[in-house]
Amino acid sequence: MTIPLDTLTIPDHIQGYPELAFGGFVAGMLADRSAASTVRIDFRRPIAVSTPVVLSGDNGHAALSAPDGTLLVEAAPSVLTLAAPPAPSWSEAQAATETALSSPGRAITSCYGCGTACAPGRGIRLFSWTRPGQRMMTAAWTPDPGLAAENGELTTESVWSALDCPGGLAAFIHSDMARGAFTAALTATQLSPMYAGEDYISHAWPISREGRKHTVGVALSTPGGELCALAEALWIEPRVS
């Protein structure tokens, strides 16, 4: 049996760190190809934007490789046992996002997940801030129609992208994760369809730390408390030479 292969490039605006493809988007692309209900994505090597890569998948597994066959990212069906803590209220999430946007110390970046420099529809634009009194980040999010399919439903890439940055911020703020850390693995499940123009609450929290490794949880919910998507991510700090 021949495994289907697609050659593609990640557009240059879908970046996390400069010139590197945004992990959550890549993860969503592989999760969509996998079609399993819960998928684990393992990042093996960085992926440059605007550079040809090869996407393959079969029987719930998927992979992204360089044209020479070097494995970059792989996906496999998984199980997620994580239980999300209760989501903040919509008003708490709105206040957090307002604080994030008004913070004088917030960097203006082009990160596809949390960058304020991204135009609506050209980035997720999910702006998290600390929930007062708790080791948690939260944000209010109303996704732009540019992140959805023609029927208004958010693409798998958009949902997984929204599950990426908040976890990193939770580790940076609440677990003292070093700058330059990256997503090494992301396991997620989407429990219900999500739509452009609808309101959602993001919340993320640190789970554990082991040396350079930080495990975090991320959830997306409706203002009424319905859990829409859930993820557990492993972030790794760069080695100190």
Side-chain angles (χ1 to χ4, degrees), residues 2-36 38-78 80 109-115 118 123-124 155-172 175 177-189 208-216 218 231-241:
T2 302
I3 298 176
L5 302 175
D6 294 320
T7 300
L8 50 89
T9 60
I10 308 297
D12 58 8
H13 72 281
I14 303 179
Q15 61 178 314
Y17 290 117
E19 301 183 0
L20 295 179
F22 184 69
F25 184 93
V26 172
M29 190 168 59
L30 268 70
D32 190 62
R33 175 61 68 95
S34 163
T38 303
V39 183
R40 177 182 169 110
I41 309 295
D42 286 286
F43 297 88
R44 303 304 185 190
R45 290 174 176 81
I47 302 165
V49 295
S50 300
T51 301
V53 289
V54 179
L55 176 63
S56 61
D58 186 45
N59 294 327
H61 293 257
L64 200 65
S65 304
D68 66 1
T70 301
L71 180 63
L72 303 173
V73 189
E74 57 185 338
S78 189
L80 192 60
T109 75
S110 297
C111 174
Y112 185 75
C114 62
C118 297
I124 300 301
T155 64
T156 307
E157 291 89 341
S158 294
V159 174
W160 280 64
S161 291
L163 292 168
D164 192 1
C165 282
L169 289 170
F172 284 130
S175 192
M177 186 167 71
R179 296 295 168 182
F182 55 89
T183 311
L186 182 60
T187 304
T189 185
S208 64
R209 175 176 184 173
E210 183 180 348
R212 297 186 298 117
K213 299 179 179 180
H214 298 255
T215 301
V216 296
V218 185
E232 181 177 303
L234 172 65
W235 285 68
I236 299 181
E237 298 176 0
R239 295 183 184 276
V240 179
S241 57

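Because the structure is predicted, anything quoted here is derived from the model rather than measured. FYI, side chains are in, hydrogens and waters are out, and symmetry mates aren't considered; it's all heavy atoms of this structure.
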Rounded to the nearest 0.5 Å, how far apart are [atom1] of [X] and [atom2] of [Y]?
{"X": "F22", "Y": "I47", "atom1": "CZ", "atom2": "CD1", "answer": "12.5 Å"}
{"X": "L72", "Y": "L55", "atom1": "CG", "atom2": "CG", "answer": "11.0 Å"}
{"X": "S110", "Y": "H13", "atom1": "OG", "atom2": "NE2", "answer": "11.0 Å"}

*With sequence neighbours excluded, what pairs up with T70 under the side-chain hydrogen bond (donor to acceptor under 3.5 Å, both in side chains) test?*
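Listed in chain order: D68.
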Shortest non-hydrogen contact between [X] and [Y], atoms and distance:
{"X": "L20", "Y": "P46", "value": "CD2-CB, 4.0 Å"}
{"X": "R33", "Y": "G57", "value": "NH1-N, 3.6 Å"}
{"X": "S34", "Y": "G60", "value": "OG-O, 2.6 Å"}
{"X": "I41", "Y": "A75", "value": "CD1-CB, 3.3 Å"}
{"X": "S50", "Y": "P11", "value": "OG-C, 4.4 Å"}
{"X": "P67", "Y": "V54", "value": "CA-CG2, 4.3 Å"}

Do the side chain of S175 and the main chain of M177 share a donor and acceptor less than 3.5 angstrom apart?
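No, the answer is negative, given that no donor and acceptor are paired below the 3.5 Å cut-off.
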- Would a distance-only check, ignoring hydrogens and angles, find a side-chain to backbone donor-acceptor pair under 3.5 Å from S65 to L71?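 Absent.
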Pairwise side-chain contact, [X] with [Y], heavy-atom cut-off 4.5 Å (strictly under):
{"X": "T38", "Y": "T187", "value": "yes"}
{"X": "I10", "Y": "M29", "value": "yes"}
{"X": "Y112", "Y": "Q15", "value": "no"}

Report all side-chain donor-acceptor pairs from residues 155-169 shorter than 3.5 Å, counting only partners two or more places apart or in another chain.
unit_1: T155; atom_1: OG1; unit_2: S158; atom_2: N; d: 3.1
unit_1: T155; atom_1: OG1; unit_2: S158; atom_2: OG; d: 3.0
unit_1: T156; atom_1: OG1; unit_2: D32; atom_2: OD1; d: 3.2
unit_1: S158; atom_1: OG; unit_2: L147; atom_2: O; d: 2.7
unit_1: S161; atom_1: OG; unit_2: F25; atom_2: N; d: 3.2
unit_1: S161; atom_1: OG; unit_2: E157; atom_2: O; d: 2.7
unit_1: D164; atom_1: OD1; unit_2: T183; atom_2: OG1; d: 2.9
unit_1: D164; atom_1: OD2; unit_2: G24; atom_2: N; d: 2.8

Inset, instruction - Go through the steps to decide whether L8 and V53 satisfy the test side chain to side chain contact (heavy atoms under 4.5 Å, CB included), and finish with yes or no. - result: CA-CA 6 Å; L8 50 89; V53 289; 3.5 Å; yes
Run the side-chain donor-acceptor check on residues 232-240: report pairs under 3.5 Å with partners two or more places apart or on a different chain.
unit_1: E237; atom_1: OE2; unit_2: A178; atom_2: N; d: 3.2
unit_1: E237; atom_1: OE2; unit_2: R209; atom_2: NH2; d: 3.2
unit_1: E237; atom_1: OE2; unit_2: H214; atom_2: NE2; d: 2.8

Using the side chain to side chain contact (heavy atoms under 4.5 Å, CB included) rule, take V49 and I14 through it: C-alpha gap first, then chi angles, then the decisive distance, then the call. CA-CA 7 Å; V49 295; I14 303 179; 5.6 Å; no
